[in-house]
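Working notes, structure below.
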Amino acid sequence: MKEDYPSFLTRESKPFDPIRLAHQTEEIISKGKSRKYTKFYCAGVYGGISTGYTIGCCLRCVFCWVDWSRDFPLKTGQFFAPQEVFENLVNNARKRGVNKIRVSGGEPTLCPEHLLSFLNHLDSTPFLFILETNGILFGHDPDYVKRLKKCRNIHVRVSLKAGSPEGFEKRTGARGEFYELPFKAVGYLNHAGISFHVAAMTDPRLMPHAERKMLLSKLESVGYQDYLEEEVCDPYSTAVKRLEKAGFKIIW
Ligand code: SF4
């Protein structure tokens, strides 16, 4: 592992550039159009969904539930081409009789050529792809959102982590100046007419009331007035450990 590759946050962690971390991570988790995954299975959420568990993220949220592959992507996973991911997900969906598909465990928008190529395969099927994203790369690159517009069968769920630069830096580890990127992503998705909704980690044990209000008004300023899915931090062992390492105290 490169020496400056950040893992989980500690009290001593220095804030990082999430775009740089996205590129650093892509170097580890991709080979050509292939990307690392650890497993393919069906989960009960969304009324049943065929899921590919991928590796790698450009944030280091203290409340993150995903396994340690997020922090140590070099150590685990196997490379899968877009066609192989497509076949695994669709075969599992057919076996279990579900009509939705997603990529979880890491940030699906890393490795754009992998994602877009996979979505291209999915276009000729009746399956709906739920794209769960932190919105960092979409907010950074409006052309990426435009390319997504060509895909049918897709619904995006943008998950906001903070409503202020300070909250963003404290809970994701990324520098506060980047906190607007997910809001920009919301604006670009809206403008492109892509089906999407917004979620936010507004758990009051993590986000102060005043910051939640800032988040709501920022969302309004980018033209979003629809449903907001408010998330709560669950006591997954990984989340509990990450919070503890970063010096957060939560009453479960
Ligand atoms: S919660 Fe999501 S965005 Fe945050 S580190 Fe985990 S996978 Fe990445």
Side-chain angles (χ1 to χ4, degrees), residues 5-10 13 15-26 28-30 35-39 43 45 49 51-73 76-77 102-112 114-115 130-140 144 156-163 165 167-176 178-186 196-203 205-207 215 229-246 248 250:
Y5 189 81
S7 59
F8 52 84
L9 299 184
T10 65
S13 295
F16 57 82
D17 171 345
I19 305 302
R20 179 165 181 265
L21 181 55
H23 296 321
Q24 280 179 295
T25 306
E26 282 168 346
I28 299 168
I29 62 166
S30 67
R35 177 173 178 164
K36 276 184 165 188
Y37 288 76
T38 55
K39 56 189 168 183
V45 291
I49 189 163
T51 302
Y53 199 98
T54 193
I55 289 182
C57 189
C58 53
L59 296 180
R60 293 291 179 263
C61 304
V62 290
F63 45 78
C64 181
W65 61 270
V66 308
D67 67 26
W68 298 105
S69 63
R70 184 205 76 172
D71 306 272
F72 306 101
T76 187
R102 71 170 174 166
V103 170
S104 188
E107 172 54 43
T109 62
L110 297 186
C111 316
H114 173 84
L115 177 67
I130 312 264
L131 176 52
E132 298 174 321
T133 178
N134 59 31
I136 295 290
L137 294 186
F138 284 164
H140 175 66
Y144 193 174
V156 182
R157 174 185 182 268
V158 184
S159 176
L160 305 175
K161 312 303 178 193
F168 185 74
E169 190 164 300
K170 192 172 167 197
R171 298 191 298 275
T172 70
R175 295 210 304 267
F178 293 94
Y179 102 102
E180 288 202 79
L181 291 181
F183 293 97
K184 284 188 177 174
V186 170
F196 79 103
H197 80 278
V198 179
M201 177 51 86
T202 53
D203 189 322
R205 295 169 298 174
L206 290 164
M207 183 183 285
L215 182 144
E229 179 194 338
E230 301 206 52
E231 298 175 87
V232 172
C233 182
D234 291 319
Y236 288 95
S237 61
T238 39
V240 171
K241 200 63 173 171
R242 285 180 176 124
L243 285 158
E244 183 193 310
K245 291 277 179 196
F248 283 72
I250 276 203

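We're numbering straight along the sequence, starting at 1. For ligands, and for the atoms within them, numbers begin at 1 and follow the listed sequence.
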* Asked: Counting heavy atoms only, which of Cys61, Cys64, Gly173 comes nearest to atom 4 (Fe) of ligand 1?
  -> Cys61

* Among protein heavy atoms, which lies nearest atom 2 (Fe) of ligand 1, and at what distance? -> Lys161 NZ, 4.0 Å

* To do: Run the numbers for me: atoms of ligand 1, each under 4.0 Å from some heavy atom of Asn134, listed by number.
  => 3 (S)

* Is there a donor-acceptor contact under 3.5 Å from the side chain of Glu229 to the main chain of Ala199? -> no

* To do: Verify, without hydrogens or angle tests, whether Lys36 (side chain) and Thr76 (backbone) share a donor-acceptor contact under 3.5 angstrom.
  => yes

* To do: Applying side chain to side chain donor-acceptor pair (under 3.5 Å), run through Thr51 and Arg102 and close with a yes or a no.
  => CA-CA 5 Å; Thr51 302; Arg102 71 170 174 166; 3.1 Å; yes

* Which atoms of ligand 1 sit under 4.0 Å from any heavy atom of Arg70? -> 5 (S)

* Hey, does Phe8 have a side-chain heavy atom less than 4.5 Å from the side chain of Thr238? -> no

* **Worked check of salt bridge (Lys or Arg N to Asp or Glu O under 4.0 Å) between Glu231 and Arg157** => CA-CA 12 Å; Glu231 298 175 87; Arg157 174 185 182 268; 3.2 Å; yes

* Asked: N/O/S atom of Cys57 under 2.8 Å from atom 4 (Fe) of ligand 1, yes or no?
  -> no

